[in-house]
Number of protein chains: 2
Amino acid sequence: MNQTTEPTLVDVAQRAGVSIATASRVLSGAQHVSESRSRAVRKAIADLGYRHNAVASALRSQRTETVGLILPRYTTGFLSALIESVSAALDDAGLSLVLRYSAEGDDHDVETVESLLNRRVDGLIVCPPSEDVSRDAIAAAARVPVVQVGRHIFGDGTDSVGLDDNRATDLLVGSLADGGARSFATVGLSPADHADARRIAAVRASCDSRGTAFVAALPADAVLAGGVAAANRLLASRDPAGPDGGAGLVVDGRRVDAIVCANDDVAHGLVTVLRLGDVAVPDDVQVASLLDVSFGEGDDRDITTLRHPWPAMGREAVRLLLDALGSTGGGDAGGARRVTLAPRLLKGRSSR
Amino acid sequence: MNQTTEPTLVDVAQRAGVSIATASRVLSGAQHVSESRSRAVRKAIADLGYRHNAVASALRSQRTETVGLILPRYTTGFLSALIESVSAALDDAGLSLVLRYSAEGDDHDVETVESLLNRRVDGLIVCPPSEDVSRDAIAAAARVPVVQVGRHIFGDGTDSVGLDDNRATDLLVGSLADGGARSFATVGLSPADHADARRIAAVRASCDSRGTAFVAALPADAVLAGGVAAANRLLASRDPAGPDGGAGLVVDGRRVDAIVCANDDVAHGLVTVLRLGDVAVPDDVQVASLLDVSFGEGDDRDITTLRHPWPAMGREAVRLLLDALGSTGGGDAGGARRVTLAPRLLKGRSSR
DNA sequence: TTGAAAGCGCTACCAG
DNA sequence: CTGGTAGCGCTTTCAA
């Protein structure tokens, strides 16, 4: 086994019969180097099995070609999608991704940033974990361009790419309304939860603006079993003396012909049980979901849903960062840019 | 805005009135440094807002304190779990994680490794994407310790941590048998698929070794709707003249009292519909799943399932790597170690 | 177009 | 316990 040290540019230059400066020029794109020497250098590189040393290069050029990505500690699918898209976009730009999860508590978060800065990352992409953590601390500590990405964006000192949940919700409600829905309910959103309350409000607002009724926010666990349970309750409260002979759903004595679920799991459980209970979906009642959980699946969908654009968000975040890196090379000159993307409506067989 | 360059060790040393060598010693753990000078240095560091330069340090010490992680391009939950656990374990060891996804094709895969080696990572953790890709190429190209982690492990030149699927399957079948099951079927596993065929074989082998019957591998899409469809077919083929008055399930004229599903989604759909069809689960038929998809959920489970230990696998992979880094500092001395972990059986209300 | 040389910031060796 | 100093491997002026 060859235990000698790795070949360096000196070795390459020597072997090619050129100066180390010339060898370096060839590596960095062969500008202003004669074809003959360039060829000689490339041959030497191949012969020696030379490998460029990114560490030495970084020390000298003060650029590590590296970006730090800070994520919250969720083990959910969408994070995978975000990581992968960020990674791909960075790859295209020839940058490496250093990953770090933010620990609990603000202090640790600052520490996380510090350690990335010690590594001399050229930039930072931060996915805000919660509304409690102060992003300002991060922005203050960072001496490099920072881009925030995610559902909640804080402060306005940094570039960011966010999600327009409300617009998407409106899209969903509009689609159901276009399909003939006049009265809505939600299933699986809890008014007690801060984020859920906002979603309920968004649905209600959409209903109001369209002149359709919002009947109720029905509680349920945000999983398949929750949808099943909710469906059973709905089936039990059907009114045989109702206008359509009991085919329709009734809540609090009011007809409901459209149901917005917290996510696909809930919707799946709901739809499955409703159909078994002889409620036709989407004919008697339309069902849709606010949150797609099936990443990368085909377009032949059962449940109408909103697909959150995490891949696009990752790409956008990298684009903003590259932009910042290119223009100033290290500061936050100019105003912060904010990119907002909206989930995409995927129509399935659960709505018209 | 302070546009001067970042303070260096020279600045720190100067300000503390010590040599740069002493300042460096303080940074690296204050060994053999008098308390007074140590304090002075730490004060200078704080005053100046000095940040250790990991790049320069790495160049000089020939250790980047960095590990490369290569992943396949799946956007599934388990990868999140793996990444997070690897990240946490590396964090504890003070190492940074450089993430990279393997591109399509073997050549690109080698390129991926090369770029990580250019970055001078101290070690490599590789999650094999498919059985087609030659891990040997990676092992050959790598001049640093490599650990493989995942479902499929290739070659035996490197340390690895794998998954004992068969043992786990046997555990699951055994649990159902202990609950009184005498005849099994699978739902959602396709004999045409290579990996699925192996799983079916494992179930069958377990049945054989226990003297219980394996009746059939029922096809179904490996999603909720597949389970629903399978359940409807099963309900339709019930035999009212059967031994238990039609309460039991029958396939090809043979009673089935235990069903092993491809995953939780299928099982959920199956159980939900069976119960609505007045088949008692687990009393008339027990149901279990080979693959848990709900990471990090509570223990009050509906479906009995196998939880794959991705977090533990990540930890183990890092442990092996640290070990290799510690002992030789760069080679594959000694035989390759292989750690095998088994999924954990999570009992739910769908089995006895 | 080319080469010589000066460092990037740090660690580690050696002498005191 | 401390300080001087020689590089780690590369990029980048500056002259030629």
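Order of the sequence lines fixes the chain letters, A, B, ..., with proteins taken first and strands second; residue numbering starts at 1 for each chain.
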Taking only side-chain N and O atoms of [X], does any of them lie within less than 4.0 angstrom of OP1 or OP2 on [N]?
X: A:Thr22; N: C:dG3; answer: yes
X: A:Gln62; N: D:dT12; answer: no
X: B:Arg120; N: D:dG9; answer: no
X: B:His32; N: D:dG3; answer: no

(message) Counting distance alone, no hydrogens or angles: does the base of C:dG3 have a donor or acceptor under 3.5 Å from a partner atom on the side chain of A:Arg25?
(response) yes
(message) Taking the minimum atom-to-atom distance to the side chain of A:Leu9, which one of D:dT11, D:dT2, C:dT11 wins?
(response)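 Among D:dT11, D:dT2, C:dT11, the one nearest the side chain of A:Leu9 is D:dT11.
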(request) Please determine, for the side chain of A:Ser24, which listed nucleotide (D:dG3, D:dT12, C:dG9) has the closest atom? (result)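 Between D:dG3, D:dT12, C:dG9, the one nearest the side chain of A:Ser24 would be D:dT12.
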(message) If I take atom CD in residue A:Gln14 and atom P in nucleotide C:dA4, what distance separates them, rounded to the nearest angstrom?
(response)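 Computing the A:Gln14:CD to C:dA4:P distance gives 12 Å.
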(request) Could you check A:Ile125, A:Val147, A:Val146 and say which one makes a side chain to side chain contact (heavy atoms under 4.5 Å, CB included) with A:Leu320? (result) A:Val147
(request) Starting from the 5' end of DNA chain D, give me the residue, A:Ala21 or B:Leu59, whose nearest nucleotide shows up first. (result)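 Comparing both residues, the 5'-ward one is B:Leu59.
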(request) Hey, which sits more toward the 5' end of DNA chain D by its nearest nucleotide, B:Val18 or B:Arg60? (result) B:Val18
(request) Test side chain to side chain contact (heavy atoms under 4.5 Å, CB included) on A:His52 and B:Arg120 and set out the steps. (result) CA-CA 9 Å; A:His52 183 69; B:Arg120 294 301 192 270; over 6 Å; no
(message) Using a 3.5 Å limit on both distances, find every run of at least three consecutive Watson-Crick or G-U pairs that involves DNA chain C.
(response) C:1-16 with D:1-16
(request) Could you tell me whether B:Arg338 and B:Asp159 have a side-chain N and a carboxylate O separated by less than 4.0 Å? (result) no
(request) For B:Ser34, report the nucleic acid contact type (base, sugar-phosphate, nothing); a contact means any heavy atom under 4.0 Å. (result) sugar-phosphate
(message) What contact category does A:Ser57 fall into here, base, sugar-phosphate, or nothing, at under 4.0 angstrom with non-hydrogen atoms?
(response)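 The residue A:Ser57 makes sugar-phosphate contact but no base contact.
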